[in-house]
Number of protein chains: 2
Amino acid sequence: MGEQKLFIPKGYRKTKQRESILKVLERAEYPITAEHIFMELKNDGIDISLSTIYRNLEMLTKEGLTVKSYMMNEDKARYALPDKKNYLVCEKCGKIVIIDNCPFDKFKEELIEVHGFDITGHSIEVYGICPECQKK
Amino acid sequence: MGEQKLFIPKGYRKTKQRESILKVLERAEYPITAEHIFMELKNDGIDISLSTIYRNLEMLTKEGLTVKSYMMNEDKARYALPDKKNYLVCEKCGKIVIIDNCPFDKFKEELIEVHGFDITGHSIEVYGICPECQKK
DNA sequence: GTTTTTTTGCAAATCATTTGCATTTGAAAA
DNA sequence: TTTTCAAATGCAAATGATTTGCAAAAAAAC
Ligand SMILES: [Mn+2]
Ligand SMILES: [Mn+2]
Ligand SMILES: [Zn+2]
Ligand SMILES: [Zn+2]
């Protein structure tokens, strides 16, 4: 029972495009755009259509393998594996730092009690100034 | 020293369009789209251009009077006054419930210590199933 | 190998949002 | 007040990320 490797959800076919998209998302350190995936794959010498990327990201998000989010002052969506969905963004340099051990989990119960919702997921975006930018 | 009423930020002019947009945002119970503001104003008999709404929302957001966010499965931005920026969304019926007394505030310190960021703001979106939809 | 269904690529369409520009309006200055 | 001038608006056109139609290619089923 090792780490759960990336997999293609039941009912979908295994294609080199699909697998390469997942590979890029796996090595990404924070949420990235469809265009970013496209260029990354071009570097790897993998030819793929942007629409294929969008279609796969939609599927992966529907199946819960990826999470879609938008960042301040950007007009394009970003996608990431679920463990990279909560992050800090520096308002000066744009640096993105993943928040692991999401503190929000501790409040799930409180939220359930107060609002009666059955909570299935969440997304947090925190803005600030990173240590480097604070010095400047 | 009563409640801080809505105001037009220093350096900007007071126009009926600007004020009516703020009024709509004030009475809204959760984040709404530019198009929603447009229709709301049309109902009120106020004639305004969609681009004026977008231009004002951009200004208001830059000045910190409004907060922009995106919701799951939507491809349009929503805007709200800062006290309505954190919310629960029912994945079945789409109901939106504002989270007041944001639990996240309690973790600001922890986040500052761990990552050294000077935190200036945040946005939380929680997905789930509302009590009504749980019964069905 | 053949069939069936899914997936892909490409080009065209969509649609929320942005922008250029002429016109109107707010408010500072006279 | 009236004048003056930058800021704001409306309208139409442009933008650009994302979506979609359709024919060809590829994967899984038979
Ligand atoms: Mn769209
Ligand atoms: Mn755009
Ligand atoms: Zn920084
Ligand atoms: Zn519901």
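Side chains are part of it too, since the values below use all heavy atoms of this structure and drop only hydrogens, waters and symmetry mates. Below, chain A is the first sequence line, B the second, and so on; all start at residue 1.
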Please list every donor-acceptor pair under 3.5 Å in which a side-chain atom of residues 90-103 of chain B meets a protein atom from a residue at least two apart or in another chain.
unit_1: B/Glu91; atom_1: OE2; unit_2: A/Thr120; atom_2: OG1; d: 2.3
unit_1: B/Lys95; atom_1: NZ; unit_2: B/Glu132; atom_2: OE1; d: 2.5

Listed nucleotide nearest any side-chain atom of A/Arg13, set C/dT25, D/dA28, C/dG9: D/dA28
Is the distance from OP1 or OP2 of C/dT17 to the nearest side-chain N or O of B/Tyr54 less than 4.0 Å? yes
Think B/Arg18 has a side-chain N or O under 4.0 angstrom from the OP1 or OP2 of D/dT9? yes
Divergence of helical axes at both termini of the helix from C/dG1-D/dC30 to C/dA30-D/dT1 - five pairs an end, 10° steps: 40°
Aromatic centroids of A/Phe107 and B/Phe107 separated by under 6.0 Å: yes
Applying side chain to side chain donor-acceptor pair (under 3.5 Å), name anything that partners B/Asp44, two or more places apart in sequence or on another chain. B/Arg27
According to a strict under-4.0 Å criterion, is A/Thr15 in side-chain N/O contact with OP1 or OP2 of C/dT8? yes
Going through the checks in order, is the side chain to side chain donor-acceptor pair (under 3.5 Å) test met by B/Glu63 and B/Tyr12? CA-CA 11 Å; B/Glu63 298 300 331; B/Tyr12 297 95; 2.8 Å; yes
Distance check, rounded to the nearest 0.5 Å: A/Met72 atom CE versus B/Ser123 atom OG? 9.0 Å
At less than 4.0 Å, is any side-chain N or O atom of B/Ser49 found next to OP1 or OP2 of D/dC11? Yes or no. no
Which part of the nucleic acid, if any, lies within reach of A/Ser51 when heavy atoms closer than 4.0 Å are counted: base, sugar-phosphate only, or nothing? base
If only side-chain N and O atoms of B/Thr52 are considered, is one of them under 4.0 Å from the OP1 or OP2 phosphate oxygen of D/dG10? yes
Just call it for B/Arg55: base, sugar-phosphate, or nothing, with non-hydrogen atoms closer than 4.0 Å on any strand. base
Could you give the CG-to-P distance, from A/Leu57 to D/dA17, as a whole number of Å? 15 Å
Does any N or O in the side chain of A/Thr66 come within less than 3.5 Å of the main-chain N or O of A/Thr61, such that one atom is a donor and the other an acceptor? yes
Upstream residue (5' side of DNA chain D) when A/Glu35 and A/Lys16 are each assigned their closest nucleotide: A/Glu35
Between CG of A/Asn56 and C1' of D/dA27 the distance, given in whole Å, is 14 Å
Looking at A/Thr33, I'd like to know whether one of its side-chain N or O atoms comes within less than 4.0 Å of OP1 or OP2 on D/dA17. no
Taking B/Gln134 for the side chain and B/Ile129 for the main chain, is one N or O donor matched with an acceptor at less than 3.5 Å? yes
OP1 or OP2 of C/dT25 less than 4.0 angstrom from a side-chain nitrogen or oxygen of B/Gln17, does that happen here? no
Please figure out whether A/Ile48 or B/Ala34 has its closest DNA chain C nucleotide nearer the 5' end. A/Ile48
